[in-house]
Amino acid sequence: MAFAERMLKIDRRIIFLVIGLCTLLPLLYPVGLPIKISPEVRSVYDYMESLPERSVFLLSIDFDPASKPELHPQAIALLRHAFRKDLRVVAMTLWVSGTGMADQLLTQVAKEMGKENGKDYVFLGWSPGGTAVIINMGQDLYTAFPSDYGGKPTKGIPVLEGVHSLKDVAYAISLGAGNPGVEAWYVFGKDKYKFELGGGCTGVIAPGLYPLLRSGQINGLIGGLRGAAEYESLIGQKGRAVAGMDAQSATHAAIIVLVAICNIFYFSLRSMARG
Amino acid sequence: MIFLRRQLPLLITMITGLLFAGQYYVPHPASELLLTSATKWLQIIGGFALVLGVTSLFHQHAAKIRRKEAGWGYSLVLYAGMLVTIAVGIWASGKESIDGAMTLFGWIYSFMMVPLQGTMFAILAFYIASAAYRSFRARSREAAVLLIAAVIVMMGRVPLGEYLVPLSGDVSQWILNVLNASVRRAILIGVSLGAIALSFKIIFGVERSYLGGSKE
Amino acid sequence: MDATVLGAWVATGLTLFIFSFLYKDNPLFKLAEHLYVGVSVGYTIVKAYDTVIVHLIIKPIFEQGQISLLIPVAIGLLMLTRYMPKAAWMSRYAFAFIVGLGSGLAIPRTISSFILKQVEDTVRPLLSQAGEGVTFSMSLLNPASNLNAIIILIGVSSVLFYFFFSIEHSGPGKVVARTGIVFLMIAFGAAFGYTVMARMSLLIGRLTDLIEFSDASYGHPTLWLLIVTVAALVLLARRRQQEPPAAP
Amino acid sequence: MSILKKTSSCVLPLLKHSTYYDSGSRSLRPCVRTRTLLNILWIHVWVLLSLLPGTFSIVFAQSTLTVPSDLQAMDTPNDGGESLTVLWAPSPLDGPDGRYQVLFGEASATDPTALKVIAEFPANTRYVKEAKSAWWTRKVERTWHQYVIRNGKGIEMKNGTAYTVTVAMRKGEEQAIGPLIQATPSPDWFNWNQFNNLILALGFGGLVFYTISHAKRNNIFLRRIPGLDAVDEAIGRATELGKPILYLTGAHDMSDPSTIAAAVILGRVAKRTAAYETELMVPHRDPITMAVCQEITKQAYLEAGKPDLFKEDSNFFITADQFSYTAAVDGIMLRKRPAANFFMGSYFAESLLLTETGASTGAIQIAGTDSDHQLPFFVTTCDYTLIGEELYAASAYLSKEPVQIGTLRGQDIGKAVILTVVMVGTVLATIAVATGAQWPQLFLDLFRDLK
């Protein structure tokens, strides 16, 4: 058996170990390489900056724990920014298994920034129906969510004063891990009810959202952990995403090296077979 | 009977389909009211649909336990996990936290569901690495193009890549914003045409597989 | 023991059980996997009950007298007849309603968002106005430049052409289709890179949690449970060796 | 399309209760109602007075300002009501230092001082061309000014109630107030801005049904899908090596089109394996799909003239669970070492686990999926991949079912139309920029998303 062939047949658990170490070591011993800001993340940040105080900011947390590592840091960075700008935050989720996480992260950031439930923010919770919820909120927010997460009637909550439907939202961001997510918020929400929409998403679906970004259907896009790291650097509060960037660098380097080795062996085997 | 079983459902589909396709073009408050109530209804029906999805799982594992098939013990674990979650969930009236204090339901969510679901997908990272070494080969010219683009994007999206090859950031940005966006746009248009054709076929009863039991 | 500390132990243990699949499929993984399905199904049921039954049905009907909501409840109940062989056909009404509504809502909105909007953005002048005259902007980095408008135009048209099935890909068509496939592969490459990034992020997230839970304040659960998991795997492997091999 | 324009400008005002008052130069439209004739009279007197400098107190000093000319106020067309639109002609004084004010009040207000300023903006902003509108609903030139008054921020309008509106020009301390005009907001029954959307929907829907019925009567050409040649080759090689073939139908059930396509292609594969007498293995994740595929396989063996070779257990159910299924199939690949693996239908995260194991056993691998998130992995780990719609096309090609073929044909025509629009549109848009011509807009507007 040729060397290349033998090398290709090594136990894959060795590769597992390599990738595990590439992740673990930079997390334990961070280097802190600088992060460049991409225009699509910056436009989300700039739009948030341009909003006047007490504007209504809707954050739809459309992911479940499976995408937590990517989207949770995005949500935290966005909430910190919104609270710092003193926006009125309305949070919700279209993904049932994301409810607990959304509640937790909202409470945590609000506590950290000294914000009060009902006065500065409200968590509407989850409602089934996906796109139907979006349409219904566009028509009348109070029929879509008769009560907030805590069971309080939404009518009369101070933070929702003057808010009847999605038309009264100044900026909405959907942090989506799939469907319903950013696309649904455009098709069933922004398209008709005319609020500005931004998107945050996992790396897997980010490339698919670029046509919407190009055509201005969403005004910005935060993609994956990298996007979260960019946003964390923009607001100057580094968190989990920035901390993970070194590990991300190391694993990408590892994958690139592995792909290169794979192809070197592949081509050497092929030329041997021909020769 | 055939009318009730076959024609009437098709008629319902056609009427609701046409009604709500037409609704889009009518800005009058009456039409908006129709949309509001229908979506409100959909929200409620959506809840029942969830139950439907869950029921089939219920049946499957119940059968496994009844017949004592191989691995029925795991099905028992599944049941236990589900029943305990339901019990504590109803006890906490469906809230993970009440006034900031974590309930038992919230505990199960944070310390069982979140790590389990997160890890299920994290193991894929290892498989990508192993596949990168063993099977991501440039078997054809097309696959070679794919791999080169992938390597550029992987470099351009992490600080190390941008540090080593400063150009990689801009190039990957261009690939995503221009090349990728154009392809995705073409795919989006193609898929949308397919979706519209399917919707029309459903509304006019040409496509009926959603009714189940296509043989009847 | 504090609830959070206990939680840290449980979370760490379950995480390691799932990771043990990397070594090989084993009972610990199967246990965690089934527990995962059970817990998430239970969670969904509780949420559906609380949100739908309590807040969307019972409260509005009994407290506000919205009797009309009984209609969707009836439709929803019809859906559940699917599991009763004799009455299963009644579930068709529910599906007919949902699918009809969904299709109706989709048609105009898909045309608006995914066809007109996308066509509108692809149709761009290949020259741009600069002061009095017209110029051709060459910047690759500005996605709105004329050069990029041409590239996007070529990409969109060639990929659309590639998915033509009623024309043979021969002659000039072959060139266009080949261009389409190159564009497709580049986009798949970008998706590939992004997916790698996403999966690695998930791993980073899980390991960050494990590192957090290896802290002394929790009593080093990561360390202890790692030892337990490995020991269990070794034990299981031993027992399997002693058993006769199962028939394939 | 000119008919379209006519209907939109004439029928629409009839549908609603809006009233147009042109302040002089433009003649009254034929559809204007006469019920508020008195008001018009009054306004005309008022306009005359206000135009005489110094005679009316509102115009300050010896003004260089002119009142906004050709002012029109009306119910906002094509909307759900509770909104008014004000239009007025551009003025030579429009510049960044001048400002326009929109004044609004109850119908009873007869004096500009009773009106409230609800908006103020630089005089070189708020043009008709900035608002997205199409030529078939536009009533005035694109260079005119336009302001839409909506409910909210201290404005509370009710449908069917008249309100008084006007526009004033302001420059420093000077102010020139236009004539007071009454208008009544009302809801509309059709949004003419979306007329192109409706036409496209009806056109494409009609096209699909036409092509389906056409396909039922005629033979429609579909190009051969190259992936299908690869399928035959792979089966041939498996036969040479005397090894089995593994075929997967994906994660979804029979209600998913991709699974149906996978089942159709299975029919073809089974026919070949029957002819070559090669072993076929089809592990399933869904019991109903398994039952359907069993029938398909049986039929294929019958058609190949080898019904005795058909084995009931070549289709078998493993489990519905994603990772357990994957582990089991990986096990089969390692033990039985099939010479060809087929992955058709819909796949999720398990795709890589499957194809990687398959690649390591040296099998020829052919995939076909519409799960675009998994396509990159299939392309790099498989020898041939049917991408997205190619899967459906392959299935239509094999099944020869008119509905499938007709739909495919309809979509093809749809794509051709879009391709043409994009090409022609780009040329016209370029001409418009190069020559400054307006007429290309007549075509371009037809394919814009308007609300």
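Lettering follows sequence order; numbering is per chain, from 1. Here the structure is a predicted model, which is why all the values come from computation and not from measurement. Side-chain atoms are counted along with the backbone in the values below, which use heavy atoms only and exclude waters and symmetry mates.
- Both the backbone and the side chain of A/Ser127 come within contact range of chain C, judged by heavy atoms closer than 4.5 Å.
- Between C/Ile151 and C/Leu140 the shortest side-chain heavy-atom distance falls below 4.5 Å.
- Only the side chain of A/Pro146 comes within less than 4.5 Å of a heavy atom of chain C; its backbone N, CA, C and O stay farther away.
- There is no contact between C/Phe192 and chain A, counting heavy-atom distances below 4.5 Å.
- Side-chain atoms of A/Asp191 and C/Ser112 include a donor-acceptor pair closer than 3.5 Å.
- Between the side chains of C/Asn146 and C/Ser137, at least one donor N or O sits under 3.5 Å from an acceptor N or O.
- Looking at A/Ile255, only its side chain comes within 4.5 Å of chain C, counting heavy atoms on both sides.
- The contact between C/Thr208 and chain A is made by backbone and side chain atoms together, counting heavy-atom distances below 4.5 Å.
- Residues of residues 45-60 of chain C placed with any heavy atom under 4.5 Å of a heavy atom in chain A are listed by number as C/Lys47, C/Ala48, C/Thr51, C/Val52, C/His55, C/Leu56, C/Lys59.
- With a 4.5 Å cut-off on side-chain heavy atoms, C/Phe95 and C/Met79 count as touching.
- Among the candidates A/Thr99, A/Leu24, A/Thr143, A/Ile19, the residue making the largest number of heavy-atom pairs closer than 4.5 Å to chain C is A/Thr99.
- In this structure, chain C has a heavy atom under 4.5 Å from the side chain of A/Ala206, while its backbone stays farther away.
- Relative ring orientation between A/Phe123 and A/Tyr149 is described as tilted, the plane-to-plane angle lying within the 30° to 60° band.
- Contact of the A/Val187 side chain with the C/Phe114 side chain is registered, since non-hydrogen atoms from C-beta on lie closer than 4.5 Å.
- Distance alone, capped at 3.5 Å, is enough to place a donor-acceptor pair between the A/Asp246 side chain and the A/Gly32 backbone.
- Formation of a donor-acceptor pair under 3.5 Å by the C/Tyr194 side chain with backbone atoms of A/Gly223 is not found in this model.
- If you measure heavy-atom distances from C/Ile204 to chain A, the contacts under 4.5 Å come from both the backbone and the side chain.
- At a 4.5 Å heavy-atom cutoff, the contact between A/Arg214 and chain C is made by backbone and side-chain atoms alike.
- With salt bridges taken as basic N to acidic carboxylate O contacts below 4.0 Å, none links A/Glu230 and A/Lys36.
- A/Tyr210 touches chain C through its side chain: at least one heavy atom from C-beta onward sits under 4.5 Å away, while N, CA, C and O do not.
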Candidate pair C/Gln118 and A/Gln217, rule side chain to side chain donor-acceptor pair (under 3.5 Å), full reasoning = CA-CA 10 Å; C/Gln118 298 303 326; A/Gln217 287 164 292; 2.7 Å; yes
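- Within the 4.5 angstrom heavy-atom criterion, only side-chain atoms of C/Ile152, from C-beta onward, approach chain A.
- The OH atom of A/Tyr231 lies 11.0 Å from the CZ atom of A/Arg42; values are rounded to the nearest 0.5 Å.
- Of the two parts of A/Thr131, neither the backbone nor the side chain holds a non-hydrogen atom closer than 4.5 Å to a non-hydrogen atom of chain C.
- For a residue to count as touching a neighbouring chain, one of its non-hydrogen atoms must lie under 4.5 Å from one of that chain's; by this rule C/Glu63 does not touch chain A.
- At a 4.5 Å heavy-atom cutoff, the contact between A/Ala144 and chain C is made by backbone atoms alone.
- Counting heavy-atom pairs closer than 4.5 Å to chain C, the top residue among A/Gly203, A/Gly216, A/Pro73 is A/Gly203.
- Nearest heavy-atom pair across A/Gln74 and A/Ile222 is NE2-O, 3.4 Å.
- Proximity to chain C is absent for every atom of A/Ala243, based on heavy atoms less than 4.5 angstrom apart.
- Of all heavy-atom pairs between C/Ile75 and C/Phe97, the closest is CD1-CD2, 4.1 Å.
- For A/Arg226, the parts lying under 4.5 angstrom from a heavy atom of chain C are both the backbone and the side chain.
- Ranked by heavy-atom pairs under 4.5 Å with chain A, the list C/Leu202, C/Val196, C/Thr195 is led by C/Leu202.
- The structure places CG of C/Leu203 at 9.5 Å from CG of C/Leu210, a figure rounded to the nearest 0.5 Å.
- Around atom NZ of A/Lys194, more than 12 heavy atoms belonging to other residues, nucleotides or ligands sit under 6.0 Å away.
- Expressed to the nearest 0.5 Å, how far CG of C/Asn26 lies from CZ of C/Phe17 amounts to 9.0 Å.
- Both the backbone and the side chain of A/Gln248 have a heavy atom closer than 4.5 Å to some heavy atom of chain C.
- Ranked by non-hydrogen atom pairs under 4.5 Å with chain C, the options A/Pro69, A/Ala241, A/Pro128, A/Ala247 are led by A/Pro69.
- Using a 4.5 Å cut-off between heavy atoms, A/Ile256 makes no contact with chain C at all.
- In terms of non-hydrogen atom pairs under 4.5 Å with chain C, the most contact-rich of A/Gly244, A/Pro211, A/Gly224 is A/Pro211.
- Counting only distance, with no hydrogens or angles, the side chain of C/Asn148 and the backbone of C/Asn142 share a donor-acceptor pair below 3.5 Å.
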